[in-house]
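Shown next, in structure tokens, is the structure this report addresses.
Order of the sequence lines fixes the chain letters, A, B, ..., with proteins taken first and strands second; residue numbering starts at 1 for each chain. Quick caveat, the model's predicted, so the values are computed rather than measured.
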Amino acid sequence: MMRTHHCGALTREQAGQVVTLMGWVHGRRDHGGILFVDLRDRYGITQLVFDVEKDAALHEQANTLRNEFVIAAQGVVRIRPEESVNPLLSTGEIEIEVTSLDILNPAKTTPFLIEDHVQATEALRLKYRYLDLRRPKMQRLLRLRHEVVYHIRRLLHGQGFLEIETPILTKSTPEGARDYLVPSRVNPGEFFALPQSPQLFKQILMVGGVDRYFQIARCFRDEDLRLDRQPEFTQIDLEMSFVQPNDIMGLVENILRTVCRDVAGIELANPFPRFTYRQALSRYGTDKPDRRFGLELHDLTPMARHVTFKVFRDAVEAGGIVMGLNVKGGAAIARSQIDRLIEVAKGFGAKGLAWVKIAEGWTLESAIAKYLDPDLLRRTWPEAEPGDLLLFVADGPSVVYEVLGRLRLHLGEELQLIKKDRWEPLWITDFPLLEYDPTEQRYVALHHPFTAPYPEDIPLLDTNPAGVRAQAYDLVINGFELGGGSIRIHQRETQQKVFDLLGMTKEAAREQFGFLLEALEYGAPPHGGIALGLDRLVMLLGGAESIRDVIPFPKTQKAQCLMTEAPSPVSREQLKELHIRLDLD
RNA sequence: GGGGCCGUCGUUCAGCUUGGUUAGGACGCCAGAUUGUCAAUCUGGAGGUCGCGGGUUCAAAUCCCGUCGGCCCCGCCA
């Protein structure tokens, strides 16, 4: 018996036809003489009818059906009585009067119901992922992910990109994230690493004259998990030769705008707003701002020099800054709630959180009111007005940004300021190339060591490395870092200089990246690219809670797969073959 | 490595603050009834090592300690 239609296909057009459907028993409604069965597959649900008066034996057979049985049913498409039409189903105008039923496979009672509105715990869903994936919501996300990938392939192909695979078994490098290691049986004591990204290979492809490369690339990082971080994840990775940052940002914007419109009906701004790293920090306290609400940071450092409040003055004199948030209408917030905010701020690393309520007539209600001059405050902060609550943090710049940036998000969520239906993409540019790491006592690359500085900043590499700006750009949507890229260094000399600044010896550089340095000497074209987090993109487009919902078989926070129970111990023989001895303690 | 929330019939929750009843509701499951339902309905029934281990107590789902697991966050993630 062959399936003639899927379960979302039939309408009144097919009335009278003899059809065969196959699928899962989604539900069953027994009215005694008449029995309804909802048959489900990926495409929809079709109602089957068994009437005792038409065929008593068949009706009896149908009585043995249970949820999630896999069946084949042959019958006649029949238009439903008008009052029985179900407008919620695409097939709601018809039903199948079954003439023959085949049970292809029975099913045990499932641990949870295959329905969107029944919420099993995530752990249970992950253990029985094959059941979870049957739920319409998960089917929708699987399809969405496919559509995104399909459209991106189509668009990049149309722009002349070649999809090229790069090795999964590759070379470990100490820079960056922890590597997943794979032992080499034929090279005792040596290991491959799984790629954190195809970064070096795509640059080599540019040297290889490929001009435009892309890959839907699996990447691996052995770091702790978050709701938007899995040990293996997928990047939309691309690289182009002979380009400037604008070429890549423009191309990525166009592709994203098209994809979001075509697969989700979402219109993104044109062009995406751009902020420098400095601007983002000073306005939002973070380099991945959520612009679906205001509540921007306000700099009060100049005013702080002129107030008698010791906390402010001391902070400024120590080279720190004073910044604030204006909670519009926040004067109505209770003291107890402000006390909780203070604790939240301390949890973010603040020593304290000063606050001022502006009452009618610009009188200040605050523990520090006596230190503040209302007129001065009014001039410094023109947007502040009676009824507002002002919050202040005084500390070193990084602490102030961190605390107010996170407090801004906290308040955005708590006061429901975030416009959840908005889409706010943006670029962050002009990142510092390097950052001094006090614990390692050396400079580290903010992006990665192959990022090119602005040509005019190259002299600063010798005099003021921390002041060198990178030709790097991050893409942020709704507060999620969706991707990042840069123009790469294509000259050996500059690359060597950056390795030097990172404290890498010539020998270490040669050992780890010798092939790249060498490649740069054989006519490497100027090039650059970007990598976008596919999982995060699909999560946002699908309104999913975490990237686990858009990865068919994700890991738990302990990096385990609850279905396969990976990772798992291996036999002594396997280890011996790989020349590995365990040292567990 | 650290902080927080959670773990009770198959599932999802209540009960825990203040220790003491036969551990309860909803959904699911089983049986019966039911000829137009579509979260069908009605009646009845079964179903629990209260995550695990230890402690306190006459008595522990409840209090204490440890441990395992899930989630969120910090660190980490070039």
Show me the protein contacts with nucleotides 71-75 of chain B, counting only N or O atoms at under 3.5 Å.
from, atom 1, to, atom 2, distance (Å)
rC71(B), OP1, Q557(A), N, 3.3
rC71(B), OP2, Q557(A), N, 2.9
rC71(B), O3', R548(A), NH2, 3.1
rC72(B), OP1, R548(A), NH1, 3.2
rC72(B), OP1, R548(A), NH2, 2.9
rC72(B), OP2, R548(A), NH1, 3.4
rC72(B), OP2, Q557(A), NE2, 3.4
rC72(B), N4, Q557(A), OE1, 3.4
rC74(B), OP2, R226(A), NE, 2.9
rG75(B), N7, R226(A), NH2, 2.9
rG75(B), O6, D224(A), OD2, 3.4
rG75(B), O6, R226(A), NH1, 3.0
rG75(B), O6, R226(A), NH2, 3.0
rG75(B), N1, D224(A), OD2, 2.5
rG75(B), N2, D224(A), OD2, 3.2

request  = Return the set of residues passing side chain to side chain donor-acceptor pair (under 3.5 Å) with R40(A) (not counting sequence neighbours), or none when no residue passes.
outcome  = H26(A), E68(A)
ask   = Is any side-chain N or O of R29(A) closer than 4.0 Å to OP1 or OP2 of rA40(B)?
value = yes
Closest to side chain of L113(A), choosing from rC27(B), rA39(B), rG36(B) = rC27(B)
request  = Any strand is fair game: report the nucleotide pairing with rC71(B) by Watson-Crick or G-U wobble, both distances under 3.5 Å, or none.
outcome  = rG4(B)
note = Which of rA39(B), rU35(B), rU37(B) is nearest the side chain of E53(A)? It is rU35(B)
query = Sequence neighbours excluded, which residues qualify as ring-ring contact (aromatic ring centres under 6.0 Å, His included) partners of F36(A)?
reply = H31(A)
By side chain to side chain donor-acceptor pair (under 3.5 Å) - contacts of R178(A) (at least two apart) = E223(A)
Quick one: which protein N/O atoms are closer than 3.5 Å to N/O atoms of nucleotides 30-34 of chain B? Pair and distance per line, please.
from, atom 1, to, atom 2, distance (Å)
rC30(B), OP1, R66(A), NE, 2.6
rA31(B), OP2, R66(A), NH2, 3.3
rU34(B), O2, D30(A), O, 3.3
rU34(B), N3, D30(A), O, 3.0
rU34(B), N3, G32(A), N, 3.2
rU34(B), O4, D30(A), OD1, 3.0
rU34(B), O4, D30(A), OD2, 2.7

task = Please give the nucleotide sitting opposite rG10(B) as a Watson-Crick or G-U wobble pair, both distances under 3.5 Å, or none.
result = rC27(B)
ask   = By side chain to side chain donor-acceptor pair (under 3.5 Å), which residues pair with Q235(A), not counting sequence neighbours?
value = none
key: V52(A) side-chain proximity, nearest of rU37(B), rC77(B), rU35(B)   = rU35(B)
task = Would you please confirm or rule out a distance under 4.0 Å between OP1 or OP2 of rC29(B) and any side-chain N or O of N67(A)?
result = yes
request  = Name the nucleic acid region contacted by E83(A), choosing base, sugar-phosphate or nothing; use a 4.0 angstrom heavy-atom cut-off, strictly under.
outcome  = nothing
key: Per-nucleotide protein contact string for nucleotides 45-52 of chain B (B base, S sugar-phosphate only, - none; heavy atom under 4.0 Å)   = --------
query = Within the structure shown, what part of the strands sits under 4.0 Å from R78(A) by heavy-atom distance: base, sugar-phosphate, or nothing?
reply = base
message = List the residues meeting side chain to side chain donor-acceptor pair (under 3.5 Å) with K558(A), not counting sequence neighbours, and say none if there are none.
response = none
note = Ordered by number, residues from residues 467-490 of chain A within less than 4.0 Å of RNA chain B (heavy atoms) are none
query = Do any pairs count as a ring pair (Phe, Tyr, Trp, His ring centres under 6.0 Å) and have a residue in residues 39-63 of chain A, sequence neighbours left out, and if so which ones?
reply = H6(A)-Y43(A)
Scan nucleotides 6-10 of chain B against the protein and return all N/O pairs shorter than 3.5 Å with their distances rounded to 0.1 Å.
from, atom 1, to, atom 2, distance (Å)
rG10(B), O2', P111(A), O, 3.3

request  = Check ring-ring contact (aromatic ring centres under 6.0 Å, His included) between Y277(A) and all other residues, then give those that pass, not counting sequence neighbours.
outcome  = F431(A)
